[in-house]
> 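Have a look at this one.
Each chain gets a letter, A, B and so on, in the order the sequences are listed, and its residues count up from 1. These numbers come from a predicted model, not from an experiment.
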2 protein chains.
Amino acid sequence: MTSERSFIRQIRRMAGTLASSAVKTGIGDDCAVLRPKPGFELLVTTDLCIENLHFRRAWHPAQVVGHRCLARGLSDIAAMGGEPLACFLSLGLPANLPQAWANGFLRGLLALARRYKVQLAGGDVSSAPQITADIVVTGQVPHGKAILRSGARPGDRIYVTGSLGASAATLKQHFAGKKIKPEKSNPHFYPTPRLEVGNWLRKHHLATAMIDISDGLSVDLAHICQESGVAAIVSSNKIPIGKNADLELALHGGEDYELLFTASKRAKVPSHIAGVAITQIGEIRNRRDYSSAIQILGDNGRVRALHQRGWEHLKSNAESGAA
Amino acid sequence: MTSERSFIRQIRRMAGTLASSAVKTGIGDDCAVLRPKPGFELLVTTDLCIENLHFRRAWHPAQVVGHRCLARGLSDIAAMGGEPLACFLSLGLPANLPQAWANGFLRGLLALARRYKVQLAGGDVSSAPQITADIVVTGQVPHGKAILRSGARPGDRIYVTGSLGASAATLKQHFAGKKIKPEKSNPHFYPTPRLEVGNWLRKHHLATAMIDISDGLSVDLAHICQESGVAAIVSSNKIPIGKNADLELALHGGEDYELLFTASKRAKVPSHIAGVAITQIGEIRNRRDYSSAIQILGDNGRVRALHQRGWEHLKSNAESGAA
């Protein structure tokens, strides 16, 4: 690795200046200065990525790690119905890390940033015992129009974008010792933040509550239920299952970065938004009528409680040889 | 350590809700929603703190680490002449860390946050091999009024707040094996971000350029010179030297978090602002007239080049037994 100061100069060069009127001052001062549009509120999200916890160098090429790092933050902006403005990167790198890895990471991150016109406007650089990347993404949304987790009401229908479980299926293959090529089309390596869908839903006032599926459907639907004070039921045969996945992975596998949202039963929700399939998977219920916050209707017509198990569960199972 | 989910619930409880009209949605959604005042721009800064690099558990109690972590970010807001709005914390903690350490860290951080009415509005939690804290601080400043590093002009006078070198003096004592009590009055343990001074300078249109002294006077003055395209000369006998420090530590020791600013030679800069001493230490010069960007006038009347050496230098010297 080069010195911190010359690495910062290099990041500044690589980040360049996008034609974004929102960033008045970027890298090179004590703070970045942003100017959101008048009448807009500001969104802020931070996501920490740590080597061997969120990724492994043996499984994830540097560019993939950079892409995934920013995609997590952009997906949070999408889940509020927001437009991304600028991102900030705090990067801790081991002294013996090859410079090519750091460069590849930045290239992956900046390619995704350019696609959504998100300026890298600041951050921090340090050495660290393991690769550590904290990504901060800022966005904007018109006053009072952010789509929160807390707006779901009994009777609302539950929808997801795209399909679920493909990312976890690839993770499972990794744990099983398979070597997987990091294809652009594989959402485990190159997840697509659903910014256009989130924006469309906000502009059309369709979603009553929204979250992105980062921990897994069972966990993220529970977040909506908890913040909204409601219960939910989903139908197992309506869950859109991703490539190489099964129902279990679609329900509990994380890192799909699809959107999970609710809409009034009278709302006309299209079957596709911005080219992405939209599937109705269940319904919001009144909390007090149910012993468990989330239930699932099986193929056999029986209803059972859907327990919250995120991808951490999958991982620890896999590590103990159970998956 | 408790589980991540219950730790997040605990942080949310401890953070509470300050009477801050700027945070519309805090912890508990995909993003925080902030509403800066109309006509204001947004400031964003991030600072990464890693165990054994930025602090040591043997030297720095948990509350001190939490205080220092947020103070770094607030100091960046001060250096722009801004008012802080909200902070965000990405925290990676070892699985075997005592819960009391995490609680102490949060108490130290939140006590400083309350003092400046800064809401902890979000973040991320993960496990990590070493304690890793990335602090994001957002602030606001009226449109076009942020004080940048790039505004210094030949003829401007150079000023610093408070005194320099006391933090590095304590660090040096640490390296020498002394046990130092973490007194509230010791700026190494409890640095005070100079928010009132920064704000006063911005409101009175006095500063042409400003930076906070985090890396050391020699390094941070070089940042102003580089961004402004100017040179500078300082007088060794005018540098205000902190407790237990000497000229060397005042010039090159970091983490003082005082403000370094320039003002027109015709500006009437008071001797104290918000109770903090202000000292004129030198003058901005035209870059092309000098071979070295920064020069220092010694007690002997001789001028020499002032080389940039930050506290990293001090640390590596100390570690090799030279300090």
Side-chain angles (χ1 to χ4, degrees), chain A residues 4 24-25 28-36 38-39 41-50 52-54 75-80 82 86 88-92 121-130 132 134 136-139 141 143-144 146 148-150 210-212 223 226-227 312, chain B residues 4 24-25 28-36 38-39 41-50 52-54 75-80 82 86 88-92 121-130 132 134 136-139 141 143-144 146 148-150 210-212 214 223 227 312:
Chain A
E4 278 175 26
K24 293 293 146 190
T25 302
D29 219 302
D30 294 273
C31 294
V33 183
L34 307 184
R35 191 177 292 183
E41 290 173 333
L42 198 95
L43 305 173
V44 184
T45 176
T46 84
D47 287 287
L48 195 55
C49 289
I50 297 181
N52 296 334
L53 283 158
H54 297 91
S75 181
D76 285 324
I77 300 290
M80 308 295 282
F88 301 83
L89 177 66
S90 284
L91 198 55
D124 197 7
V125 167
S126 170
S127 61
Q130 279 180 275
T132 304
D134 191 40
V136 181
V137 185
T138 57
V141 69
H143 266 199
L148 305 182
R149 296 178 179 177
S150 53
M210 187 149 65
I211 191 171
D212 72 320
H223 286 312
Q226 194 179 337
E227 298 295 328
E312 291 293 345
Chain B
E4 278 176 26
K24 294 294 147 189
T25 302
D29 219 301
D30 294 273
C31 294
V33 183
L34 307 184
R35 190 178 292 183
E41 290 173 333
L42 198 94
L43 305 173
V44 184
T45 176
T46 84
D47 287 288
L48 195 55
C49 289
I50 297 181
N52 296 333
L53 283 158
H54 297 91
S75 181
D76 285 323
I77 300 290
M80 308 295 283
F88 301 83
L89 177 66
S90 285
L91 198 54
D124 197 8
V125 167
S126 170
S127 61
Q130 279 181 277
T132 304
D134 192 40
V136 181
V137 185
T138 58
V141 70
H143 266 197
L148 305 182
R149 295 178 180 177
S150 52
M210 186 150 65
I211 190 171
D212 71 321
S214 53
H223 286 312
E227 298 295 330
E312 291 293 346

> If you count heavy-atom pairs under 4.5 Å with chain B, which of A/S126, A/G144, A/S150 comes out on top?
A/S126

> Among A/V44, A/L43, A/V137, which residue satisfies the side chain to side chain contact (heavy atoms under 4.5 Å, CB included) criterion with B/C31?
A/L43

> Just so I understand: if I count every heavy-atom pair under 4.5 Å between each of B/V125, B/I211, B/L89 and chain A, which residue has the most?
B/I211

> Measure B/A32 against the heavy atoms of chain A and call it side chain, backbone, both or neither at under 4.5 Å.
both

> Which answer fits A/A128, side chain, backbone, both or neither, if we ask what part of it has an atom under 4.5 Å from a heavy atom of chain B?
both

> Below 4.5 Å from any heavy atom of chain A, which atoms of B/I77 appear? Answer side chain, backbone, both or neither.
both

> Using non-hydrogen atoms only, which part of A/S75 is less than 4.5 Å away from chain B: side chain, backbone, both, or neither?
neither

> I need the B/L91 CG to A/D134 CG distance, nearest 0.5 Å.
10.5 Å

> Kindly write out the residues that satisfy side chain to side chain donor-acceptor pair (under 3.5 Å) with A/T132, not counting sequence neighbours, or none if the list is empty.
none

> Could you check B/T45 against A/D30 for side chain to side chain contact (heavy atoms under 4.5 Å, CB included), going step by step and ending with a plain yes or no?
CA-CA 7 Å; B/T45 176; A/D30 294 273; over 6 Å; no

> Is B/T25 close to A/L148 at the side-chain level, that is, under 4.5 Å between some pair of heavy atoms?
yes

> Which bit of A/V33 comes within less than 4.5 Å of chain B, counting heavy atoms only: side chain, backbone, both or neither?
both

> Hey, mind stepping through A/D29 and B/E227 against side chain to side chain contact (heavy atoms under 4.5 Å, CB included) and telling me if it holds?
CA-CA 9 Å; A/D29 219 302; B/E227 298 295 330; 5.9 Å; no

> Using non-hydrogen atoms only, which part of B/S90 is less than 4.5 Å away from chain A: side chain, backbone, both, or neither?
both

> For chain A, which candidate among B/A121, B/A146, B/G123 shows the most heavy-atom pairs at distances under 4.5 Å?
B/G123

> Against chain B, work out which of A/A79, A/P129, A/G122 has the most heavy-atom pairs shorter than 4.5 Å and name it.
A/P129

> Please classify the contact of B/I50 with chain A as side chain, backbone, both or neither, using a heavy-atom distance under 4.5 Å.
side chain

> With respect to chain A, which residue among B/K24, B/E41, B/Q130, B/R149 yields the maximal number of heavy-atom pairs within a distance under 4.5 Å?
B/R149

